[in-house]
> 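Before I ask anything, here is the structure I am working with.
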Amino acid sequence: RDDIKGDQLMNAKAWGQLARLEAERSRFAEAMDAERRAHALFQRFLGRDHEMTAQSSKHLHLHTSRAVKARKEENMVKAAGAMATAANDESEKENGGSNKKKKKSRSRRKNKK
């Protein structure tokens, strides 16, 4: 039983280290998943009130917050890109597609050179 507990605590520490490495690489969702595994092992083998479990809980909260923030920023960038594309499409409709014609004629001139 003690060997199993020791092995599982080593696994928990390894998951926690992986979580910190992923966070350093700004891979917060992966950090959150790794810390979740670490936290589950700490809680199972050390209990809720142990210092290592509490520390893991803090890290899990931090990685989760960062993952949510990163996802929101990613969604905002995608939305801005979609809005820009839609505005460009609308502009081309209003101009009768003249923007596309200009781009094609420019590329033809470049190819002739």
> Decide if atom CZ of R20 counts as having more than 12 heavy atoms of other residues, nucleotides or ligands within a radius under 6.0 Å.
yes
> Quick check: do V77 and E73 have side-chain heavy atoms less than 4.5 Å from each other?
no
> I'd like to know if the side chain of T85 reaches the main chain of G81, judged simply by a donor and an acceptor atom lying under 3.5 Å from each other, with no hydrogens or angles considered.
yes
> Hey, what else clusters with M10 if you join Ile, Leu, Val, Met, Phe, Trp, Tyr whenever side-chain heavy atoms sit under 4.5 Å?
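Its cluster mates, by chain and number: none.
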> Taking side-chain contact (heavy atoms from CB on, under 4.5 Å) as the definition, give me every residue that meets it alongside E74, ordered by chain and number, with sequence neighbours left out.
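Partners of E74 by the side-chain contact (heavy atoms from CB on, under 4.5 Å) criterion, ordered by chain and then number, come out as R71, K78.
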> Testing the basics here: between A19 and E35, what is the closest heavy-atom pair and its distance to 0.1 Å?
CB-OE1, 3.4 Å
> Identify the heavy atoms of S56 and A38 that sit nearest to each other, and give their distance.
OG-C, 4.0 Å
> Does K13 have any side-chain contact (heavy atoms from CB on, under 4.5 Å) partners at least two apart in sequence or in another chain, and if so, which?
F42, M52
> Show every side chain to side chain donor-acceptor pair (under 3.5 Å) that has at least one partner inside residues 60-70, sequence neighbours left out.
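Pairs touching residues 60-70 that pass the test: none.
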> Are L62 and F28 grouped together when hydrophobic residues (ILVMFWY) are joined by side-chain heavy atoms under 4.5 angstrom apart?
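No; tracing contacts between hydrophobic side chains, which count when under 4.5 Å, never links both residues.
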> For R36, which residues count as a side-chain contact (heavy atoms from CB on, under 4.5 Å) partner, sequence neighbours excluded?
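Here the qualifying residues are M32, D33, L60.
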> Rounded to the nearest 0.5 Å, what separates atom NZ in K5 from atom CZ in F45?
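Here the interatomic distance stands at 9.0 Å.
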> What residue pairs, at least two apart or across chains, pass salt bridge (Lys or Arg N to Asp or Glu O under 4.0 Å) with a residue in residues 45-65?
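Non-adjacent pairs meeting salt bridge (Lys or Arg N to Asp or Glu O under 4.0 Å): zero.
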> With sequence neighbours left out, what residues match E22 under side-chain contact (heavy atoms from CB on, under 4.5 Å)?
L18, R25, R27, E30, A31
> Heavy atoms, side chains only, cut-off 4.5 Å: are L46 and L9 in contact?
yes
> I want to check something: taking the side chain as every heavy atom from C-beta on, are Q43 and H50 in contact at a cut-off of under 4.5 Å?
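Q43 vs H50: side chains apart.
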